[in-house]
Amino acid sequence: AQSVTQLGSHVSVSEGALVLLRCNYSSSVPPYLFWYVQYPNQGLQLLLKYTSAATLVKGINGFEAEFKKSETSFHLTKPSAHMSDAAEYFCAGDFGNEKLTFGTGTRLTIIP
Amino acid sequence: SQTIHQWPATLVQPVGSPLSLECTVEGTSNPNLYWYRQAAGRGLQLLFYSVGIGQISSEVPQNLSASRPQDRQFILSSKKLLLSDSGFYLCAWSENGLAGAVTGELFFGEGSRLTVL
């Protein structure tokens, strides 16, 4: 079955440290892949998307993600965490069936 | 530019009462429309989606229903709420792509927080 898996429901990093949020997909054909961010009591907004044009994708707020077919992964990174990055992050995949399949989310906490 | 409006933002309802959440999109035509529910610690659950007026696909069996009476209007309803219906409900839209593919991103509303007591 086609799915998206996020490893780690909670991640804590110190301010200024590297942020790494993990996402893997399961599908015989690589899907389009997305990362969304959700701040408390708000809707989701797109951080970045992979649509096969380039494997390294840069998004808003200094985030980037690299698509690795051999690892079926699309991990999200940011070199230096900022307090404003504290939020919940969702990875999602478009498997060509009119809807996005979301992972269960990772809550990112930034330690001052 | 396109905008999405969702209301009410907050709702407290007794068990057994009806529900109506409304979502409208402006600035685009024939969008795909979606209702998601976000329960505490459980990620996003797709409830319904629609690729056109009167076309509703249900993802999970439940006491909720959805309707799309107009091209850019999507309504989530229930005749009798259950405690388990509490959660954060999100409406979203996307461009209506070819062959069922989502061509780009989903655009989300600000959400409606429902508490059933």
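Chain letters run A, B, ... following the sequence lines, proteins first and then strands; every chain starts at 1.
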Legend entry - Structural part of A:Gln45 lying under 4.5 Å from a heavy atom of chain B: neither
Legend entry - Which portion of A:Gln6 sits near chain B, non-hydrogen atoms under 4.5 angstrom: neither
Legend entry - Spatial distance of atom OH (A:Tyr36) from atom CG (B:Leu106) [nearest 0.5 Å]: 4.0 Å
Inset, instruction - Please check if A:Ile60 and A:Phe63 belong to a single hydrophobic cluster, counting links between Ile, Leu, Val, Met, Phe, Trp and Tyr side chain heavy atoms closer than 4.5 Å. - result: yes
Inset, instruction - Report whether B:Val15 and B:Leu21 are members of the same hydrophobic cluster (ILVMFWY, side-chain heavy atoms less than 4.5 Å apart, transitive linking). - result: yes
Legend entry - ILVMFWY cluster, B:Trp93 and B:Trp35 together (side-chain gap under 4.5 Å): yes
Legend entry - Shortest non-hydrogen separation from A:Gln42 to B:Leu90 and the atoms involved: O-CD2, 4.5 Å
Inset, instruction - Check each atom of B:Tyr36 against the heavy atoms of chain A and say whether the ones under 4.5 Å are side chain, backbone, both or neither. - result: side chain
Legend entry - B:Leu44 versus A:Phe102, closest heavy-atom pair with distance: CD1-CD2, 3.6 Å
Inset, instruction - Could you grab the distance from atom OG1 of A:Thr104 to atom CD of B:Gln45, nearest 0.5 Å is fine? - result: 13.0 Å
Legend entry - Co-membership, hydrophobic cluster, residues A:Leu100 and A:Tyr89, 4.5 Å side-chain: no
Inset, instruction - Could you tell me whether B:Arg113 atom CZ has more than 12 heavy atoms of other residues or ligands within 6.0 Å of it? - result: yes
Inset, instruction - Check the hydrophobic clustering (I, L, V, M, F, W, Y; side-chain heavy atoms under 4.5 Å; chains of links allowed) and say if B:Leu47 and A:Val4 are grouped together. - result: no
